[in-house]
Amino acid sequence: MIVCKFGGTSVASAEQIQKVANIVKSNPARKIVAVSAPGKRSSDDIKVTDLLIDLSNAALNNDDIEQKLQKVVTRYQAIADGLALDYAICDVIAEDLRERLQGDKSNEELFIDNLKASGEDNNAKLIAAYFNSIDMPARYVSPKEGLVVNDLPERTFALPEAYSNLAPLKDTKEIIVFPGFFGYTKAGILRTFDRGGSDITGSILAAAVEAELYENFTDVDCVFSANPKVVNDPVEIKEITYREMRELSYAGFSVFHDEALMPVYKIGVPVNIKNTNNPSAPGTRIVPNRPATGRPVTGISADSGFSTLYVSKYLMNREVGFGRKLLQILEDENISYEHTPSGLDDISVIMRSNQLTVENEARILARVKNELSADDVQMRHGFSMIVIVGEGMRNNTGLAARAATAISKTGANIEMINQGSSEVSLVFGVLQEFENQILQALYGEFFAHVQA
Ligand SMILES: Nc1ncnc2c1ncn2[C@@H]1O[C@H](COP(=O)(O)OP(=O)(O)O)[C@@H](O)[C@H]1O
Ligand SMILES: N[C@@H](CC(=O)OP(=O)(O)O)C(=O)O
């Protein structure tokens, strides 16, 4: 059995959904289909998920919602129209949205989650109806039927029992259409995964039914060795290990969500990233091991939106428990961190800036200064992480020097270097404004002479 996930761009219009149907039909092993909400039809389009976030914020602010609601319904109308489906399906969707808008607003996050998730939920119902209308027996299955997730306040993840709950889906006769992006807590409360989280749903399903393959359909032929929007004509990656993909998708390889790797990795289900617009292309396979390519670097990614908490204190290295106390202050603010490069008398803690607010930042700075008696404490924003990844890097000396030289030629200062303990990655912290330039320079350094 194959589990396939079709991303937002693959289900953005009637024409795209027809391609999805053809792909599913062309291989009878494709029995479980996880779908996203309709995504962008062109670069200046707006994803339905973003329309829904806008709608829920308007509802929370008691603004007029009618126009925003119509924008969402119109997207489905265009799809239903193009697929020759009964228009009544759009009335059902409008009704569903109104019901969600009447929901409990006491917890804003859960209110927004409930609306956001309607994007995938209604699309899955619509796609199942379409499959049935063209003689592809299909059944919409709700995440209520087993995709149990944890409670607030932690970020959403599937509980272990989700896998056993969903395992019986492997006996399905019809094609199952399953909405991506959300699950339900044991108490029946809907929670969404992070943005891009339909990849996670597909991965959970693939692990639950112990699929022979998890196919992740998107709008590019494969995973490229660098973001194709920044680097011109990057080298295609035919095979990549789970470890390499994990490091790359952590920082900028938005083509596959980093949290989607763990479920399939644990069971050893291979992943194939493929293009809905060109399904005969072999795509990229994510596998446990791959033969050496003779090239140390597999890919280079870059992501912005990082902040650094810099702390210095003379003789910090002799102070037992300093690091623990520092990280405890962040934990008290429910903040996770990414890297902690340190020297004898100073340490930097690098975190995603979207976790910081004016208020929690002020509290952190005051506590570090007062409770840890630090000599200097600063929070600095506007950093990017550039990550160079490759299984072959372990056996390659001089790679860091080559990377640092390439970066220095752009005029950028390296604010931080971290050689990942996994030894398959090398991370550079730089000022955000240099990100694209550095990515291009590093790509030139490590891939310029590689045949595509
Ligand atoms: N290294 C990379 N290889 C391929 N695509 C990448 C890479 N880095 C970023 N991307 C972007 O990821 C996009 C696909 O991911 P996403 O937008 O989440 O698709 P979907 O709508 O299928 O979920 C591509 O269109 C591409 O612009
Ligand atoms: N629709 C959700 C979840 C998702 O996975 O979407 P996409 O497949 O378009 O990345 C989002 O926009 O975040």
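One-based numbering along the sequence shown. Both ligands and their constituent atoms are indexed starting at 1 by order of listing.
Distance check: L115 CG to L110 CG gives 12.0 Å after rounding to the nearest 0.5 Å. A distance of 5.5 Å separates NE2 of H339 from CE of M385, quoted to the nearest 0.5 Å.
Closest to atom 24 (C) of ligand 1, if we only count protein heavy atoms, is D219 OD1, 3.4 Å. The protein heavy atom nearest to atom 9 (O) of ligand 2 is K47 NZ, 3.1 Å. Of the protein's heavy atoms, S254 OG, 3.5 Å lies nearest to atom 11 (C) of ligand 1. Nearest protein heavy-atom contact of atom 8 (O) of ligand 2 is S36 OG, 2.6 Å. Among all non-hydrogen protein atoms, the one lying nearest atom 23 (O) of ligand 1 is K5 NZ, 3.4 Å.
A salt bridge links D303 with R352: the closest approach of a Lys/Arg side-chain nitrogen to an acidic carboxylate oxygen falls below 4.0 angstrom. In summary, D45 and R75 engage in a salt bridge, as defined by a charged side-chain N under 4.0 Å from a carboxylate O.
If you look at H257 next to ligand 1, there are no close heavy atoms at all, none under 4.0 Å. By the criterion of a heavy-atom distance under 4.0 Å, both the backbone and the side chain of V255 are placed next to ligand 1.
Taking every heavy atom of K5 and a limit of under 4.0 angstrom, the matching atoms of ligand 2 come to 8 (O). Shown in contact with G7 at under 4.0 Å from a heavy atom are these atoms of ligand 2, numbered in order with element: 8 (O). Of all atoms in ligand 2, numbered sequentially from 1 with element shown, those under 4.0 Å from a heavy atom of R195 are 11 (C), 12 (O), 13 (O). Within ligand 2, the atoms closer than 4.0 Å to a non-hydrogen atom of G8 are 7 (P), 8 (O), 9 (O), numbered from 1 in the order shown. Listed by number with element, the atoms of ligand 1 under 4.0 Å from a non-hydrogen atom of T9 are 20 (P), 21 (O), 22 (O). Atoms of ligand 2 lying under 4.0 Å from at least one heavy atom of E120, given by number and element, are 1 (N), 2 (C), 3 (C).
With hydrogens and angles disregarded, a donor-acceptor distance shorter than 3.5 Å links the side chain of N272 to the backbone of P282. Between the N360 side chain and the L356 main chain, no donor and acceptor come within less than 3.5 Å of each other. Looking at E210, its side chain never comes within 3.5 Å of a backbone N or O of A207 through a donor-acceptor pair.
Among the atoms of F224, some N or O lies under 3.5 angstrom from an N or O of ligand 1. At least one N/O-N/O distance between K229 and ligand 1 falls below 3.5 Å. Among the atoms of T49, some N or O lies under 3.5 angstrom from an N or O of ligand 2. Residue D194 has no nitrogen or oxygen atom sitting less than 3.5 Å from a nitrogen or oxygen atom of ligand 2, judged on distance alone. Of the N or O atoms in G8, one or more lie within a sub-3.5 Å distance of an N or O in ligand 1. Residue contacts with ligand 1: T218 is placed with a nitrogen or oxygen under 3.5 Å of a nitrogen or oxygen of the ligand (distance criterion only).
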Go through it in stages, so that I can follow the logic: the residues are R195 and D50, the test is salt bridge (charged side-chain N to carboxylate O under 4.0 Å, His left out), and I'd like the CA-CA distance, side-chain angles, deciding distance and then a yes or no.
CA-CA 10 Å; R195 292 302 302 270; D50 290 308; 3.0 Å; yes

Working note: E174 + K31, criterion salt bridge (charged side-chain N to carboxylate O under 4.0 Å, His left out); need CA distance, chi angles, decisive distance, verdict.
CA-CA 7 Å; E174 312 110 310; K31 278 290 194 201; over 6 Å; no

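Distances from atom 17 (O) of ligand 1 to the protein include no heavy-atom value under 4.0 Å.
Taking only non-hydrogen atoms, the option from S43, P228, S249 nearest to atom 6 (C) of ligand 1 is P228. For atom 4 (C) of ligand 1, the nearest non-hydrogen atom from the set P234, A226, C222, G7 comes from C222.
Annotation: side-chain contact (heavy atoms from CB on, under 4.5 Å) contacts of L431 (sequence neighbours excluded): F383, E415, E433, F434.
For S198 and S36, the side-chain atoms include at least one donor-acceptor pair closer than 3.5 Å.
For F193 and F181, the gap between ring centers reaches or exceeds 6.0 Å.
If you run side chain to side chain donor-acceptor pair (under 3.5 Å) between N114 and each of E109, R191, R100, only R100 comes through.
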